[in-house]
Amino acid sequence: MTGTPLPRLAPGSTIGMLGAGQLGRMTALAAARLGYTTHVYAPDAADSPASQVSAAATVADWDDLDALERFARSVDVVTLEWENVPVATVEHLRRFTAVHPGPNVLSVAQDRIAEKSFVNALGIATAPWRPAGSADDVARAVAEVGPRCVLKSTRLGYDGKGQARLDGGDGAAAAWAAIGGGKAGVEGIVEGFVTFACEVSVIVARGGDGAMVAYPAVENRHKDGILDVTIAPARVTPETAAEADRVARRIAEALDLVGVLAVEMFVTPDGAVLVNEMAPRPHNSGHWTMDACASDQFEQLVRAVCGLPLGSVERVADAEMTNLIGDDVLRWPELLAEPGARLHLYGKAEARPGRKMGHVNRLVPRR
Ligand code: AMP
């Protein structure tokens, strides 16, 4: 263990939350369970999933310095549920209060090139990749990493958005246009396509004193680029699970993270692990912990940023988490009636296609 313990914030303190979506909501609920209150800050915080369950909400832009200062002075610590909060916003907040995770973590996690460079520098493998700033760069990168590849925007992509598949260099111009290439601020990264046996993720919580806990690797299945089902734990060999755990802990430590980090990885057919991406916040693939573990991922975030000891990651059952995307949420009556199904809804009024509306956890006896 390294690091300095954070000041311990007692129950009754206020946690500031940047971002107002479902991850903020579930963190606010975990905070409330431990006697903390939450103040949400986001441009879209009005009647949001997080503000519905928080004591206060500030609706203001990320560059509204006065609103940020008022917010920072009204809370005891700040955390976030969205890693793309501008680094300048966090730098400004830090003049008035502590923010965890800090700007060093965000600048790595906000940019796929920074992220992959950071991971590779630790000796951890990723898919082969090349930066691409033009259609010509894309064509050159395809020649280098191999014909089957994916072009991704380096920033602000999620749930498969800002991505284009390539099969050979011919489609370079079309792929570049598809991710918005040529628009101000858009840069690309070409990644070799990984023929994976499965996708896994590991969620690590780390305190200011360097203490760490990690949930077991889980298996993630995607549909249309969006997480569909998480199976906990992953059906991989003990060696692969241990390697995924080692990789996630190594990254959290190297980032000097205070908070929660999700690391998504590909498992190759021979059991090797390649990092795909990371998110320094609670993650959709950790929602199963809400019903199957002694302390869930949201409580771990509260504990980490409030300087409390981390909770137990003990798993009382195996679990399968299914996302409710768009109209899936209309199935709530039958899910409520299903014995043992644990329904979590996010309070979003409109069920747009592709929108995460809730999830359901089903527990099964431990394998
Ligand atoms: P991402 O936004 O990077 O998490 O990508 C979304 C999903 O696309 C991943 O979970 C994978 O299923 C797929 N994907 C992304 N990059 C690759 C890759 N290099 N090789 C194979 N599949 C990929």
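Heavy atoms only: backbone and side chains are in, while hydrogens, waters and symmetry mates are out. Order of listing sets the numbers, starting from 1, for every ligand and every atom in it. Along the sequence shown, residues are numbered consecutively beginning with 1.
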Heavy atoms of other groups near Trp62 CH2, more than 12 under 6.0 Å: yes

Identify, by atom number and element, the atoms of ligand 1 in contact range of [X], meaning under 4.0 Å from any of its heavy atoms.
X      : result
Val194 : 18 (C), 20 (N), 21 (C)
Glu191 : 16 (N), 19 (N)
Glu199 : 9 (C), 10 (O), 11 (C), 12 (O)
Arg112 : 2 (O), 3 (O)

Which option wins on minimum heavy-atom distance to [atom]: [options]?
atom                    : options                        : result
atom 19 (N) of ligand 1 : Cys149, Gly192, Pro128         : Gly192
atom 17 (C) of ligand 1 : Phe193, Phe196, Phe266, Trp129 : Phe266
atom 5 (O) of ligand 1  : Arg148, Met265, Gln163         : Gln163

With ring centroids as reference points, do His287 and Phe298 lie under 6.0 angstrom apart? yes

Between Asn276 and ligand 1, which residue portion shows a heavy-atom distance shorter than 4.0 Å: side chain, backbone, both, or neither? side chain

Heavy-atom pair with the smallest gap, counting every atom of Ala248 and Val202: CB-CG1, 3.5 Å

In the single-linkage hydrophobic clustering (I, L, V, M, F, W, Y; side-chain heavy atoms under 4.5 Å), do Met265 and Phe118 co-cluster? yes

Taken to the nearest 0.5 Å, the spacing of Leu227 CG from Asn220 CG works out to 5.0 Å

Quickly, which of Arg342, Arg33, Arg303 forms a salt bridge (charged side-chain N to carboxylate O under 4.0 Å, His left out) with Asp296? Name it, please. Arg33

